Novice: 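For reference, the structure I am asking about is given below.
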Amino acid sequence: MGVRMAGLGHYAPAKVLTNDDLEKILDTSDEWITTRTGMKRRHIAAPDEATSDLAIAAAKMALQNASLKPKDVDCYVVATVTPDFAFPATGCIVASKLGVAGKPAFDIEIACSGFIYGLTVVSSLIRSGVYKRVMLIGAETLSKLVNYQDRSTAILFGDGAGAAILEESSEDSFLAADLGSDGTTPETLYLPAGGSRTPLTPEILAAHGDKIHMAGREVFKFAVNRMVESSLTALSRANLKPEDLSYLIPHQANRRIIDAAAQRLSMPPEKVIVNIQEYGNTSAASIPLALSEASRDRKLKDGDLIVFTGFGAGLSWGAVAWRWAA
Ligand code: UT7
């Protein structure tokens, strides 16, 4: 049994935060942000908009794209680090609000690698015959975890969602995967408090312990190496080489990271899907958002070979080699 993508969708909140807006609240500049990250804008959820709301909007577009109803999907999976609540899983809320309470639903929490891990898990569920059709959504409201007084992180993150409906198929789109993690130094990129290690107190809240902390330069160095190695491993497991690829669809964390990885994989710019200028870093949502836009823009053709690759907190990383089936 194989798996294919039957429909794609995406959603981003209406409110936009530009580099010019950030210049007004931080010691930064459009020039610094553009040259160091490639970002120009990011979309920001409204105060009453939660991750499940973004996920549902993306899921509805994917259902319409596939001419399916919520009941036609057997299982709902949400990859996110910004769930509506610590528990229950956001997937449960999404399925119920789509009118299909009772269906299995769960979350995957592996930060920016969420869609890569999710694609591997969901493809395995379908290829092994457990489910015929699964909705995989990457959705984030990272703006709610950003300290807008910290210029090293405030400029990077945005909100959005991307959804893919995966279904069984006689031809297999899933060619190979490579996944990895290293939890030796979680503080390289983490949310310090609010978990069982460090529960929230008024003092910790005052010190922004409930917001993203990151050693940016450390993450940068690891990101390029891991995305390249992981992509090459997934490709070799599929008996493919970088020159066979139609597209590289990387996690959108920093334009310089994407360009360096693409260069080391000898991928020319026209084969690399980039939308970082519009959305910033949307963690688990970035790859499905970029994929859905590429599909909407009719860039993908039947038989195209794609590598999806990402990295993030964990640290974690991965790549999936995929054959696009129209
Ligand atoms: O999904 C995974 C999540 N995270 C990432 O992918 C992040 C990976 N890392 C990066 O993207 C980059 O490291 C950053 C964009 C975060 C930072 O870029 P960088 O080129 O590594 O800059 P840096 O941290 O080495 O800082 C260079 C200078 C510093 O000033 P000094 O010490 O040289 O005087 C910073 O204080 O730039 C300063 N700086 C800023 N200046 C203006 C840091 N942030 C800003 C800012 N505006 N927003």
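Every number for a ligand or one of its atoms is a count from 1 in the order of the listing. These figures come from a predicted structure and were not determined experimentally. When a residue number appears, it is its place in the shown sequence, counting from 1.
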Novice: For atom 5 (C) of ligand 1, what is the nearest protein heavy atom, given as residue, atom name and distance?
Specialist: Val219 CG1, 3.7 Å
Novice: Taking atom types as modelled, find out whether Thr37 and Asn254 have a side-chain donor-acceptor pair closer than 3.5 angstrom.
Specialist: no
Novice: Can you name the atoms of ligand 1, numbered from 1 with element, that are less than 4.0 Å from a heavy atom of Thr37?
Specialist: 15 (C)
Novice: When you check the gap from the basic side-chain N to the acidic O, do Asp30 and Lys40 get nearer than 4.0 Å?
Specialist: yes
Novice: Using a strict cut-off of less than 4.0 Å between a Lys/Arg side-chain nitrogen and an Asp/Glu carboxylate oxygen, indicate whether Asp72 and Arg133 qualify as a salt bridge.
Specialist: no
Novice: Got more than 12 heavy atoms from elsewhere within 6.0 Å of NZ, Lys144?
Specialist: yes
Novice: To which protein heavy atom is atom 8 (C) of ligand 1 closest, and what is the distance rounded to 0.1 Å?
Specialist: Gly216 O, 3.5 Å
Novice: What atoms of ligand 1 come within less than 4.0 Å of a heavy atom belonging to Phe311?
Specialist: 2 (C), 6 (O)
Novice: Could you tell me the residue and atom name of the protein heavy atom closest to atom 22 (O) of ligand 1, and the distance to it rounded to 0.1 Å?
Specialist: Arg36 NH1, 3.4 Å
Novice: To which protein heavy atom is atom 11 (O) of ligand 1 closest, and what is the distance rounded to 0.1 Å?
Specialist: Asn254 ND2, 2.7 Å
Novice: Mind checking whether Thr28 contacts ligand 1 via backbone (N, CA, C, O), side chain (CB onward), both or neither, at a 4.0 Å heavy-atom cut-off?
Specialist: both
Novice: May I ask you to list the atoms of ligand 1 that are less than 4.0 angstrom from any heavy atom of Ile155?
Specialist: 48 (N)
Novice: Check whether any side-chain N or O of Glu167 sits under 3.5 Å from a backbone N or O of Ile165 as a donor-acceptor pair, and report yes or no.
Specialist: no
Novice: Can you sort out which atoms of ligand 1 are near Cys112, meaning under 4.0 Å from one of its heavy atoms?
Specialist: 1 (O), 2 (C)
Novice: Is any NZ, NE, NH1 or NH2 atom of the basic residue among Asp178 and Arg237 found under 4.0 Å from an Asp or Glu carboxylate oxygen of the other?
Specialist: yes
Novice: Could you go through the side chain to side chain contact (heavy atoms under 4.5 Å, CB included) check for Leu166 and Leu119 one step at a time?
Specialist: CA-CA 9 Å; Leu166 292 124; Leu119 193 54; 3.8 Å; yes
Novice: Please tell me if atom 31 (P) of ligand 1 is touched by the protein, where touching means a protein heavy-atom distance below 4.0 Å.
Specialist: no
Novice: By the definition side chain to side chain donor-acceptor pair (under 3.5 Å), identify the one residue from Thr282, Asn281, Thr80 that meets it with Glu140.
Specialist: Thr80
Novice: Using heavy-atom distances, let me know which of Arg256, Arg217, His251 sits nearest atom 18 (O) of ligand 1.
Specialist: Arg256
Novice: Among all protein heavy atoms, pick out the one at the shortest distance from atom 6 (O) of ligand 1; state its residue, atom name and that distance to 0.1 Å.
Specialist: Ala253 CB, 3.3 Å
Novice: Measure Asn281 to ligand 1 on non-hydrogen atoms and call it side chain, backbone, both or neither using the 4.0 Å cut-off.
Specialist: side chain
Novice: Any ion pair linking Asp304 and Lys301 (charged N to carboxylate O, less than 4.0 Å)?
Specialist: yes
Novice: Please report the closest heavy-atom contact between Gly318 and Ile116, naming both atoms and the distance.
Specialist: C-CG2, 3.5 Å
Novice: Got a second to check how far Trp322's CH2 is from Leu245's CG, nearest 0.5 Å?
Specialist: 15.0 Å
Novice: For Trp32, which part has a heavy atom under 4.0 Å from ligand 1: side chain, backbone, both, or neither?
Specialist: side chain
Novice: Under a 4.0 Å heavy-atom limit, does Leu189 contact ligand 1 with its side chain, its backbone, both, or neither?
Specialist: side chain
Novice: What protein heavy atom sits nearest atom 7 (C) of ligand 1, and how far off is it?
Specialist: Met214 SD, 3.6 Å
Novice: For atom 38 (C) of ligand 1, find the nearest protein heavy atom and state the residue, atom name and distance (0.1 Å precision).
Specialist: Arg151 NH2, 3.6 Å
